[in-house]
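Sequence lines set the chain letters: A, B, ... in the order given, protein chains first and strands last, and positions in each chain run from 1.
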2 protein chains.
Amino acid sequence: MRIGELSKATDVPVPTIKYYLREGLLPAGELSSPNQASYGDTHVRRLRLIRALVELAGVPVATVKEILESLDADTEPLHEQIGRAHRALTPTRRLSATEEARDAATAQVTKLIHDRGWTVEPSAPALATLIDTVAAFRALGQENLIAHLDAYADSVERFTRFEIDAVTANPTRDQLAESVVIGTILGETLIASLRLLAQESISADRWKNR
Amino acid sequence: MRIGELSKATDVPVPTIKYYLREGLLPAGELSSPNQASYGDTHVRRLRLIRALVELAGVPVATVKEILESLDADTEPLHEQIGRAHRALTPTRRLSATEEARDAATAQVTKLIHDRGWTVEPSAPALATLIDTVAAFRALGQENLIAHLDAYADSVERFTRFEIDAVTANPTRDQLAESVVIGTILGETLIASLRLLAQESISADRWKNR
DNA sequence: GCTTATGGATACTGATACTATCCATGACAG
DNA sequence: CTGTCATGGATAGTATCAGTATCCATAAGC
């Protein structure tokens, strides 16, 4: 398969494929002559994965590269790969809240994690984001929305459980790792859109005239 | 309050505040003389809201502007404002999938919505994203992950319900509208980080040695 | 009166994700 | 075997986004 065919198969423009090759997201094709390379099925799949992460999930290209490198390095422990996927989903956005809001948020989140018996590293990127977010809700006068934080956590824990069950069903470690990455990242898009649809549906009849 | 004090109160640099003023995200202060304006508490709150949306939720500045305009136009029906917040969360990313994957995804999503009795407009932006995402899962060989789509929807519907209950508790329409926007947008960040923490915790003991 | 901050305008920056152009070579059709 | 087209590789250009930086005339506040 040559680059033009790869482009047609995946609906990605040739210059974009060249860009991904340059950036090292896509392995080079096998050179049969100085200006002729052939690409295979792995390239098609890899390219589809890249597009899904970039286009659907909005992951930065540089991060996709990191994730793919980690996927290819099958020596890396699985939790390292998960950590990488997690970092891909939590850009280093920090928000300085008022001290009270931040303290209250930290306390609430710490309590939540303790009560649920979760094992979470203090350095987990999502932890900081969660605290910031809870603090933001407070700072914006939306205490009532996060009063049910535990109920949120309950539902979230529910689907996370069978998510992990489904992923664990993979026979090989490589497949498992790939499932983890896809599940973690695309799963967020999935849940987000389900939530919006649920919101639209539930709110429709309740507020028809407000 | 002058711009310098506003900056200190919110921890946003003066040039950034000026930028938001230019872009129309923040209403101009009251001019007491050609080069002296005073800002009040509304500015502090508005600025905090802007930062939360931009920094935490990653909403583009142009979209924040739209949302705020919609919030200020209290003549606009509530479901219009919800739609706007939804559009803020679903950037127009489209992914061309294979036809089979796309058809299968459409069928699965249509069935889901029907089975759950959801009322969803066919033009809902989240609907397209959901179909694309499900199709991407298929195209990437992760059918097993979306086999439980209904279970996902179940959990999602659960927290969406009390989310809407919490928001409905607001006395005035203005407060309701603001809660809807904040809840919809920051809620996504909240759920996403909760999910990552749950994943980390649940997966830790399961895959310690893989 | 002197330093500092301000409003307003305009210009510049850095990051990101592509696109476009060029060129020498090679594949393939007729 | 020859003319057209695609390709690999390199380099340069573009659009968007979210600020920053600079300037200036004016005004606060000590």
Side-chain angles (χ1 to χ4, degrees), chain A residues 1-40 43 47 49-68 87-88 91-96, chain B residues 1-40 43 46-47 49-68 88 91-96:
Chain A
M1 200 190 293
R2 294 188 316 203
I3 201 170
E5 303 171 84
L6 180 58
S7 166
K8 275 204 188 88
T10 57
D11 216 21
V12 176
V14 171
T16 305
I17 296 178
K18 284 187 169 186
Y19 165 63
Y20 292 151
L21 285 168
R22 275 202 306 280
E23 295 296 311
L25 295 198
L26 201 59
E30 205 184 332
L31 277 180
S32 59
S33 76
N35 72 334
Q36 214 65 204
S38 75
Y39 305 90
H43 292 93
L47 198 44
L49 176 55
I50 294 170
R51 291 305 276 190
L53 297 183
V54 170
E55 291 279 289
L56 263 179
V59 177
V61 167
T63 310
V64 172
K65 185 186 176 184
E66 257 191 83
I67 292 170
L68 294 179
R87 255 167 275 130
T92 43
R93 301 160 184 146
R94 302 308 306 279
L95 195 59
S96 57
Chain B
M1 201 189 291
R2 294 187 317 201
I3 201 169
E5 303 172 83
L6 181 59
S7 167
K8 276 205 188 87
T10 56
D11 215 19
V12 176
V14 172
T16 304
I17 296 177
K18 283 186 170 186
Y19 166 62
Y20 292 151
L21 285 167
R22 277 204 304 282
E23 295 296 311
L25 295 197
L26 200 60
E30 206 183 331
L31 277 180
S32 61
S33 76
N35 71 336
Q36 214 63 203
S38 75
Y39 305 89
H43 291 94
R46 178 52 60 95
L47 198 44
L49 177 54
I50 294 171
R51 292 304 277 189
L53 298 183
V54 170
E55 291 280 290
L56 262 180
V59 178
V61 167
T63 311
V64 172
K65 184 185 177 186
E66 258 191 80
I67 292 170
L68 294 178
T92 43
R93 301 163 184 144
R94 300 310 303 281
L95 195 59
S96 57

Could you go through H43(A) and T10(A), starting from their C-alpha distance and side-chain angles, then the distance that decides it, and tell me whether this counts as side-chain contact (heavy atoms from CB on, under 4.5 Å)? CA-CA 10 Å; H43(A) 292 93; T10(A) 57; over 6 Å; no
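Under the 3.5 Å distance criterion, the side-chain polar atoms of S32(A) are left unmatched by any main-chain donor or acceptor of A37(A). Side-chain atoms of S7(B) come within 3.5 Å of backbone atoms of V12(B) as a donor-acceptor pair (strictly under, hydrogens ignored).
Summarising the geometry, the separation between CD1 on I17(B) and P on dG19(D) is reported as 12 Å, rounded to the nearest angstrom. Atoms CG (L26(B)) and P (dT6(C)) sit 15 Å apart, rounded to a whole Å. When rounded to the nearest whole Å, the span between OH of Y19(B) and P of dA18(D) equals 6 Å. I50(B) has its CD1 atom 17 Å from the P atom of dC17(D), to the nearest Å. Counting to the nearest Å, the P atom of dC17(D) and the CG atom of L53(B) are 17 Å from each other. Between the CG atom of L47(B) and the C1' atom of dG19(D) there is a distance of 14 Å, given to the nearest Å. Between the P atom of dG7(C) and the CD atom of E23(B) lies a distance of 18 Å, rounded to the nearest Å.
In this model, the phosphate group of dC18(C) is approached by a side-chain N or O of Y20(A) to a distance below 4.0 Å at OP1 or OP2. For R51(B) and dA18(D), the shortest distance from a side-chain N or O to OP1 or OP2 is not below 4.0 Å. When the side-chain nitrogen and oxygen atoms of T16(A) are compared with OP1 and OP2 of dT19(C), one or more of them lie within a distance under 4.0 Å.
Partner of V54(B) under the side-chain contact (heavy atoms from CB on, under 4.5 Å) criterion, chosen from V64(B), T63(B), V59(B), L49(B): V64(B).
Every side chain to side chain donor-acceptor pair (under 3.5 Å) that R51(A) has, sequence neighbours left out, goes to Y20(A). A search for side chain to side chain donor-acceptor pair (under 3.5 Å) contacts involving Y19(A) returns nothing, not counting sequence neighbours. For the side chain to side chain donor-acceptor pair (under 3.5 Å) test, no residue two or more places apart in sequence or in another chain qualifies with E23(A). Under the side chain to side chain donor-acceptor pair (under 3.5 Å) criterion, N35(A) pairs with no residue at all, not counting sequence neighbours.
Note that the CD1 atom of I17(B) and the CD1 atom of I3(B) stand 5.0 Å from one another [nearest 0.5 Å].
Helix bend of the helix from dG1(C)-dC30(D) to dG30(C)-dC1(D): the angle between its two end axes, each built from five pairs, comes to 10° after rounding to 10°.
Across the interface with DNA chain D, nearest-nucleotide mapping of S32(B) and V61(B) shows V61(B) to be the residue nearer the 5′ end.
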Given protein heavy atoms under 4.0 Å, the one-letter contact record of nucleotides 3-14 of chain D, with B base, S sugar-phosphate only and - none, is simply ----BBB-B---
